[in-house]
> 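Before I ask anything, here is the structure I am working with.
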Amino acid sequence: MSTDTPDTAASADEPTRAELAARVEALEAELDTLREETAAATAAAEDSQKMVIVATQGTLDAAYPPLILASTAAAFGYDVTVFHTFWGLEILHEEHASELSLSAVGNPNLSVPNAVAALPGMDAVTSRLLRRKIDAENVASVPELIETSLDTGVDLQACQMTMDLFDYDEDDFFDGVTTGVGAATAFQEMARADVQLLV
């Protein structure tokens with residue numbers, strides 16, 4: 001017949017002092033690790049540089065510079081924001097991004113005289129030629145560069161005033177684009193940035 005009382009049986013299930021000390025030691029070690037990780041993350045955030053790009057143009061050739069610069073800077077650890085305003089908003093429009101055109105008139109990089117460039121349909125012709133060149137050289141398309149930028153953490157912003165002007169809503173843009181950003185917010189980000197670019 002067992003002589004254990006209920007109190008004796010309960011105390012047998014309780015951890016010993018040595019077990020409690022081991023648990024406390026393990027928790028303290030875990031806490032130290034968390035503190036070190038938090039300190040490292042804070043230091044990294046303080047050390048990271050910020051870049052703000054303002055994209056104002058919406059032609060095929062003008063879409064590449066902000067996206068290439070943004071994704072490259074993000075790959076190097078920069079905190080990058082691209083504020084798209086006025087025609088630059090077309091770059092972020094999900095339907096329009098793959099249909100951006102090139103202006104042939106007055107473009108010094110095209111070997112087309114202005115008298116010829118001004119003919120009807122020449123913008124479409126030169127745009128088609130540039131797209132063929134992009135494909136032949138295996139250069140990413142504008143939508144692909146947008147996805148790359150978003151994947152690398154670039155904050156692609158759409159100007160609220162321009163959205164209202166063009167009657168766009170947030171569903172018109174690629175998933176992940178920050179919509180409804182005002183000029184005042186963009187200006188504050190530029191003021192805090194280490195690098196500011198207008199393209």
Side-chain angles (χ1 to χ4, degrees), residues 51-76 78 80-152 154-183 186-187 189-190 193 195-199:
M51 173 187 280
V52 174
I53 301 172
V54 180
T56 62
Q57 304 299 315
T59 57
L60 177 59
D61 51 341
Y64 277 86
L67 295 173
I68 291 171
L69 289 169
S71 56
T72 302
F76 278 100
Y78 275 74
V80 185
T81 297
V82 186
F83 180 67
H84 293 77
T85 186
F86 220 76
W87 298 121
L89 201 60
E90 295 296 284
I91 299 170
L92 301 181
H93 195 287
E94 195 164 13
E95 290 183 8
H96 299 173
S98 58
E99 300 172 356
L100 299 177
S101 62
L102 181 69
S103 179
V105 176
N107 193 325
N109 297 307
L110 294 177
S111 57
V112 180
N114 280 336
V116 177
L119 293 173
M122 282 306 296
D123 283 354
V125 170
T126 55
S127 299
R128 190 162 48 249
L129 291 173
L130 180 56
R131 283 200 178 84
R132 285 181 184 168
K133 180 70 171 171
I134 288 169
D135 290 342
E137 298 298 328
N138 292 318
V139 174
S141 66
V142 171
E144 288 170 340
L145 280 176
I146 289 170
E147 294 298 335
T148 298
S149 296
L150 291 169
D151 289 344
T152 55
V154 175
D155 185 11
L156 298 178
Q157 298 181 346
C159 172
Q160 180 62 58
M161 183 209 71
T162 312
M163 288 176 62
D164 294 339
L165 179 65
F166 293 160
D167 198 26
Y168 292 157
D169 59 47
E170 61 183 26
D171 294 333
D172 293 320
F173 302 102
F174 288 88
D175 290 339
V177 169
T178 304
T179 56
V181 180
F187 177 78
E189 289 211 39
M190 283 185 270
V195 180
Q196 305 99 356
L197 299 173
L198 174 65
V199 294

> Looking only at heavy atoms, which two atoms of Ile146 and Ile91 are closest? And how far apart?
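The pair with the smallest heavy-atom distance is CD1-O, 3.0 Å.
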
> Does any pair with a residue in residues 160-183 pass salt bridge (Lys or Arg N to Asp or Glu O under 4.0 Å), and if so which ones, sequence neighbours excluded?
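Salt bridge (Lys or Arg N to Asp or Glu O under 4.0 Å) check on residues 160-183 returns no pairs.
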
> Please check if the number of heavy atoms outside Phe187 that lie under 6.0 Å from its CZ is greater than 12.
no

> So, the side chain of Thr56 versus the backbone of Thr85: is there a donor-acceptor pair under 3.5 Å, distance only?
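Looks like no, no N/O pair under 3.5 Å.
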
> To the nearest 0.5 Å, how far apart are CZ in Phe173 and CG in Leu89?
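Spacing of CZ (Phe173) from CG (Leu89) equals 4.0 Å.
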
> Testing Thr152, Thr72, Val154, Val195 for side-chain contact (heavy atoms from CB on, under 4.5 Å) with Tyr78, which one passes?
Val195

> Between the side chain of Asp123 and the main-chain N/O of Ala104, is any donor-acceptor distance below 3.5 Å?
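Checked: pair present.
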
> Do you know the tightest heavy-atom contact between Val142 and Ala63?
CG2-CB, 3.9 Å

> Which heavy-atom pair separates Leu102 from Leu60 by the least distance, and what is that distance?
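The answer is N-CB, 4.4 Å.
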
> In Å and rounded to the nearest 0.5 Å, what is the NE2 to NE2 distance from His93 to His84?
13.5 Å

> Measure the spacing between CG of Leu150 and CG of Leu92 and express it to the nearest 0.5 Å.
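Output value for this atom pair is 8.5 Å.
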
> Calculate, to the nearest 0.5 Å, the distance between atoms NE2 and OH belonging to His96 and Tyr168 respectively.
4.5 Å

> Atom OG1 of Thr162 and atom CH2 of Trp87: how far apart are they, to the nearest 0.5 Å?
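Between Thr162 OG1 and Trp87 CH2, I get 9.5 Å after rounding to 0.5 Å.
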
> For residues 132-151, which residue pairs pass the salt bridge (Lys or Arg N to Asp or Glu O under 4.0 Å) check, not counting sequence neighbours?
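Qualifying pairs: Lys133-Glu137.
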
> At their closest point, which heavy atom of Val181 faces which heavy atom of Gln157, and how far apart are they?
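That would be CG1-OE1, 3.5 Å.
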
> For Ile134 versus Ala140, what's the shortest heavy-atom pair and its separation?
CG2-O, 4.1 Å

> Between atom CG of Leu198 and atom CD of Gln57, what is the distance when rounded to the nearest 0.5 Å?
8.5 Å

> Looking at every non-hydrogen atom in both residues, tell me the closest pair between Tyr64 and Ser141 and how far apart they are.
OH-CA, 3.6 Å

